[in-house]
Q: 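Mind looking over this structure? Questions follow.
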Amino acid sequence: MTRIVGRRPHSTALNAARRTRELAALGDDPVVDLLVIGGGITGVGIALDAASRGLRTVLVERHDLAHGTSRWSSKLVHGGLRYLASGQFGIAHESAAERHLLMTRVAPHLTRPLAQVLPLYAPGHMARGAYVGLGFGLGDGLRRFVGTPDAVLRGPGPIGRDRTLQLTPAVRADGLRGGMRGWDGQLFDDARLVVAVARTAAGFGASILTRVDAVRVQGDQAVLRDTITGSELHVRARAVLSATGVWAGEVDPDVHLRPSRGTHLVVETARFGGSDAALTVPVPGSTSRFVFTVPAPHGRTYIGITDVPADGPLPDVPRATDSEIDMLLDTVNTVMERPLTRADVIATFAGLRPLLTSADRTEVETSDLSRRHAILESADGVVTVVGGKLTTYRRMAEDGVDAAVARRFRLGGVAASRTRALPLVGAWPRERSSKIAAAPRLVRRYGAEAPFVAALSDGPPAARGVTAQELRWGVCVEGALDVDDLMDRRTRLGLVAGDREASTDAALAAFAD
Ligand SMILES: Cc1cc2nc3c(=O)[nH]c(=O)nc-3n(C[C@H](O)[C@H](O)[C@H](O)COP(=O)(O)OP(=O)(O)OC[C@H]3O[C@@H](n4cnc5c(N)ncnc54)[C@H](O)[C@@H]3O)c2cc1C
């Protein structure tokens, strides 16, 4: 059953035809090494880790890749600064080390350095500058400790008033004394990272099956339902890994989570004077909480983030509340020359953090719950990997597969993880991206694969400059099965209602082809 490690004999393309073929093959031979439940970043990371070790791996996702929390993040590749501030050195180090791998080897094409600018106003600018400067300095020490070079992420430092206004032109000039600038990693898009990891896993032979719900799960078997045809399949596995995020308690009722909602607003970047930096604004009354802006695709900027307990039934798609929208606007407006209003908010999105608690600790504030990941085993042997964050998915996956092998594979003999050295599909050194023969916009989204995208046949374009070729690539190579997959997770045009409407015909045409 175990395959030779190191070969990459399979296509990385995901599409409806492959899904049908692989579901049929699973029906014929329903015994696998690893069954992974959940197609968010944790699940696809596990599938890649396992398949690249040579294990026969099947991943099932009840909706689409990145349908859950993994598409609602702030898209930051954290260096662990906030964990340093709370004395969690282990988790801070893990974050910085994984950021280093993502930005230098695993996905340099999907990441970039992001300047974070905190404007400083009198009075109190000296004290605040010193406090934030100390934090940035500690974070930078960690960057250097894990070996991330200056060419990838520069060191932090104070900047003058003019430079602050140049980098963040929308801030209030009155009382401005200067700013502090730090650097962190930014993902081009979180859902695209999930798809890239899933395709890389598929290249090692993993079956990535979307629209397949794990309806009954045990430590060595599961009943899967194809939600398109309704047919059911009984699969046996040496190990079953649940990577179901906030839904982990549905698979193993002993996993206790206290989800926390994080909300972002979507605003035209023009409203921030076209700024390409992350404007960082202290939350009034707090020394450690900040609201920040993140430049995003399609000429938009996200403003985040809240941290609010989200008890009660789990929605498939969480919604922002009015009080969260007001809190984000009120905070960012403390530094805006021309305050933002509700009319500037063209969309909102919210996600649920899968924060671990225990059954008797439901009174705890969600911001206090640990962001560390956990690996748990149910009474009948289902291994759950939960918590953590997007930045550390690779490490979570490695730990999860190690645990599953140690607990469930009696004979052992499985290779060690190799994902530290494994570039994702399209990976290409950032400093050589100008050598890729395609439009910079495509290079930014597809890395070394951009010329293949551009070579597809033409058709009606979608909104915001998204081409027909990109839509077709989504259908033929990135596993989009319907218009919503294309709008909401491959292109993210679905975030803004007007863009979705303007793009639906083009998306339908991509499927008609
Ligand atoms: C608002 C917000 C901002 C964040 N910002 C950042 C950030 O900037 N940087 C960072 O590193 N991290 C960030 N995080 C954390 C990060 O987004 C999450 O830790 C991560 O996305 C969780 O991924 P996951 O795969 O574990 O869960 P999910 O992405 O939720 O995936 C779970 C999947 O399992 C599927 N599923 C559930 N049950 C079943 C079943 N029975 N059968 C089949 N499929 C099933 C679901 O459909 C879902 O797709 C943020 C989180 C939030 C909420």
Side-chain angles (χ1 to χ4, degrees), residues 35-47 58-80 82-83 91 94-95 98-99 102 111 114 184-187 189-191 193-194 197-198 209-217 222-227 240-252 257 259-264 278 292 294 302 304-308 310 314 316-318 320 324 328 348-356 366 371-374 382 384-397 400 489:
L35 174 66
V36 186
I37 305 169
I41 191 65
T42 310
V44 296
I46 291 169
V58 170
L59 177 147
V60 293
E61 159 57 50
R62 59 159 69 129
H63 299 293
D64 179 26
L65 293 170
H67 191 278
T69 300
S70 297
R71 66 176 151 144
W72 302 128
S73 81
S74 304
K75 287 89 175 130
L76 297 176
V77 192
H78 291 296
R82 65 168 287 188
Y83 310 111
I91 185 171
E94 185 175 285
S95 220
E98 292 301 320
R99 179 182 68 177
L102 264 171
T111 54
L114 175 68
D184 209 347
Q186 184 186 10
L187 274 171
D189 182 63
D190 45 11
L193 176 71
V194 174
V197 177
L209 304 172
T210 58
R211 308 292 199 286
V212 176
D213 197 355
V215 285
R216 282 189 298 284
V217 181
V223 175
L224 309 177
R225 181 181 300 138
D226 178 343
T227 65
V240 175
L241 273 129
S242 164
T244 44
V246 287
W247 295 275
E250 291 177 9
V251 176
D252 175 0
L257 298 174
S260 142
R261 191 176 51 252
T263 287
H264 291 87
F292 51 86
V294 190
Y302 305 147
I305 187 177
T306 59
D307 192 342
V308 186
L314 289 168
D316 266 349
V317 179
E324 287 175 285
L328 293 171
T348 64
F349 63 90
L352 298 178
R353 298 177 186 85
L355 302 183
L356 260 181
T366 52
R371 262 60 169 170
R372 184 180 279 286
H373 66 269
V382 177
T384 293
V385 184
V386 71
K389 51 195 173 302
L390 217 83
T391 308
T392 54
Y393 82 90
R394 194 209 60 80
R395 178 63 193 274
M396 291 171 70
R489 289 162 291 273

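Residue numbers start at 1 and run along the sequence shown. Order of appearance sets the numbers: ligands from 1, and atoms from 1 within every ligand.
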Q: Arg225: which residues meet the salt bridge (charged side-chain N to carboxylate O under 4.0 Å, His left out) condition with it, sequence neighbours left out?
A: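 Applying salt bridge (charged side-chain N to carboxylate O under 4.0 Å, His left out) to Arg225 gives Glu232.
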Q: List every atom of ligand 1 that sits less than 4.0 Å from any heavy atom of Gly262, numbering the atoms from 1 in the order shown and giving each element.
A: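 Answer for ligand 1: 1 (C).
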Q: Give me the atom names and distance for the closest heavy-atom approach of Ala248 to Leu257.
A: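 Closest heavy-atom pair between Ala248 and Leu257: CB-CD1, 4.1 Å.
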Q: With a 4.5 Å heavy-atom cut-off, do Thr348 and Leu328 have their side chains touching?
A: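 Answer no - side chains too far apart.
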Q: What protein heavy atom sits nearest atom 43 (C) of ligand 1, and how far away is it?
A: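 Ranked first by proximity to atom 43 (C) of ligand 1 is Arg62 N, 3.3 Å.
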Q: Does any N or O atom in Trp247 lie less than 3.5 angstrom from one in ligand 1, N or O only?
A: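 In this structure, Trp247 places no N or O atom under 3.5 Å from an N or O of ligand 1.
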Q: Tell me the nearest of Gly40, Gly38, Gly45 to atom 31 (O) of ligand 1, using heavy-atom distances.
A: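 Closest candidate by heavy-atom distance is Gly40.
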Q: Can you list the ligand 1 atoms lying under 4.0 Å from a non-hydrogen atom of Arg353?
A: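 Atoms satisfying the 4.0 Å criterion: 51 (C), 52 (C), 53 (C).
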Q: For atom 37 (C) of ligand 1, which of Thr227, Leu224, Thr244 has the closest heavy atom?
A: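 It is Thr244 whose heavy atom sits nearest to atom 37 (C) of ligand 1.
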Q: Could you see which bit of Leu352 sits under 4.0 Å from ligand 1, with heavy atoms only: side chain, backbone, both or neither?
A: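 For Leu352, the contact with ligand 1 is made by the backbone alone.
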Q: Any nitrogen or oxygen of Thr69, side chain or backbone, less than 3.5 Å from one on ligand 1?
A: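 Yes: some nitrogen or oxygen of Thr69 is under 3.5 Å from one in ligand 1.
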Q: Quick one: does Ser74 get an N or O within less than 3.5 Å of an N or O on ligand 1?
A: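 Yes; at least one N/O pair falls below 3.5 Å.
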Q: At less than 4.0 angstrom from any non-hydrogen atom of Val212, what atoms of ligand 1 do you find?
A: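 Answer for ligand 1: 43 (C).
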Q: Which ligand 1 atoms are under 4.0 Å away from a heavy-atom of His63?
A: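 Checking each atom against His63, I get 47 (O).
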Q: Taking it one step at a time, do Asp190 and Ser70 satisfy side chain to side chain donor-acceptor pair (under 3.5 Å)?
A: CA-CA 6 Å; Asp190 45 11; Ser70 297; over 6 Å; no
Q: Pull out every atom of ligand 1 sitting under 4.0 Å from any heavy atom of Trp72, numbered as shown with elements.
A: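 Selected atoms, number and element: 1 (C), 2 (C), 3 (C).
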Q: Once you round to the nearest 0.5 Å, how far does NZ of Lys389 lie from OG1 of Thr392?
A: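 Nearest 0.5 Å value for the NZ-OG1 distance: 4.5 Å.
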Q: State, to 0.1 Å, how close Val194 and Gly39 come at their nearest heavy-atom pair, and which atoms those are.
A: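 Val194 and Gly39 have their closest heavy atoms at CG1-O, 3.6 Å.
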Q: With nothing but distance in play, are any N or O atoms of Ser70 less than 3.5 Å from an N or O of ligand 1?
A: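 Indeed, backbone or side chain, Ser70 has an N or O that close.
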Q: Return yes or no for this condition: an N or O of Thr263 is under 3.5 Å from an N or O of ligand 1.
A: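 No; every N/O pair is 3.5 Å or more apart.
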Q: Can you list the atoms of ligand 1 that are under 4.0 Å from a heavy atom of Ile305?
A: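 Under 4.0 Å from Ile305, ligand 1 has these atoms: 1 (C), 2 (C), 3 (C).
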Q: Start with the C-alpha distance between Val308 and Glu324, add both sets of side-chain angles, then the distance that settles side-chain contact (heavy atoms from CB on, under 4.5 Å), and finish with yes or no.
A: CA-CA 9 Å; Val308 186; Glu324 287 175 285; 3.7 Å; yes
Q: Under the criterion side chain to side chain contact (heavy atoms under 4.5 Å, CB included), which of Thr391, Asp184, Leu193 is the partner of Val77?
A: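 Among Thr391, Asp184, Leu193, the one meeting side chain to side chain contact (heavy atoms under 4.5 Å, CB included) with Val77 is Thr391.
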Q: Taking atom 7 (C) of ligand 1 as the point of reference, which of Lys389, His78, Glu250, Arg71 owns the nearest heavy atom?
A: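 Heavy atom nearest to atom 7 (C) of ligand 1 belongs to His78.
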Q: If the plane angle is over 60° it's perpendicular, under 30° parallel, otherwise tilted; pick one for Phe349 and His264.
A: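 Judged by the thresholds at 30° and 60°, the geometry between Phe349 and His264 is parallel.
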Q: Do any nitrogen or oxygen atoms of Asp64 lie less than 3.5 angstrom from nitrogen or oxygen atoms of ligand 1?
A: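 No, since none of the N or O atoms of Asp64 sits under 3.5 Å from an N or O of ligand 1.
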Q: Between Val44 and Leu59, which heavy-atom pair has the shortest distance, and what is it?
A: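 Between these two residues, the closest heavy atoms are N-CD1, 3.7 Å.
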Q: Check each atom of ligand 1 against the heavy atoms of Gly388 and keep those under 4.0 Å away; list them by number with element.
A: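 Taking each heavy atom of Gly388 in turn, ligand 1 has 19 (O) under 4.0 Å.
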Q: Are the side chains of Trp247 and Asp316 in contact, using a 4.5 Å heavy-atom criterion?
A: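 Asp316 reaches Trp247 side chain to side chain.
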Q: Assess Ile37 for proximity to ligand 1: is some non-hydrogen atom of it under 4.0 Å away?
A: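 It does, in that a heavy atom of Ile37 comes within the 4.0 Å cut-off of ligand 1.
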Q: Is there a polar contact, in the sense of an N or O pair closer than 3.5 Å, between Val246 and ligand 1?
A: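 Looking only at distances, the answer is no, because the N/O contact criterion of under 3.5 Å is not met.
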Q: Tell me, with the steps shown, if Arg395 and Glu94 meet salt bridge (Lys or Arg N to Asp or Glu O under 4.0 Å).
A: CA-CA 8 Å; Arg395 178 63 193 274; Glu94 185 175 285; 3.7 Å; yes
Q: With only distance considered, is His264 within less than 3.5 Å of ligand 1 through an N or O on each side?
A: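 No, since none of the N or O atoms of His264 sits under 3.5 Å from an N or O of ligand 1.
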Q: Quick one: nearest non-hydrogen protein atom to atom 49 (O) of ligand 1, plus distance?
A: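 That would be Glu61 OE1, 2.7 Å.
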Q: Nearest heavy-atom pair of Tyr393 and Gly45: which atoms, and what distance?
A: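 Heavy-atom minimum between the residues: CD1-CA, 3.9 Å.
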Q: Could you say whether the N/O atoms of Leu76 and ligand 1 ever approach to under 3.5 Å?
A: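 By distance alone, the answer is yes.
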Q: In terms of atom number and element, which parts of ligand 1 are under 4.0 angstrom from non-hydrogen atoms of Lys75?
A: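 Here the atoms of ligand 1 in question are 8 (O).
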Q: For ligand 1, note which part of Ala243 has a heavy atom under 4.0 Å away: side chain, backbone, both or neither.
A: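 Near ligand 1, Ala243 shows its backbone, while the atoms from C-beta on stay back.
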Q: Using side chain to side chain donor-acceptor pair (under 3.5 Å) as the criterion, list what pairs up with Thr210, not counting sequence neighbours.
A: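 In terms of side chain to side chain donor-acceptor pair (under 3.5 Å), with neighbours along the sequence ignored, Thr210 is linked to no residue.
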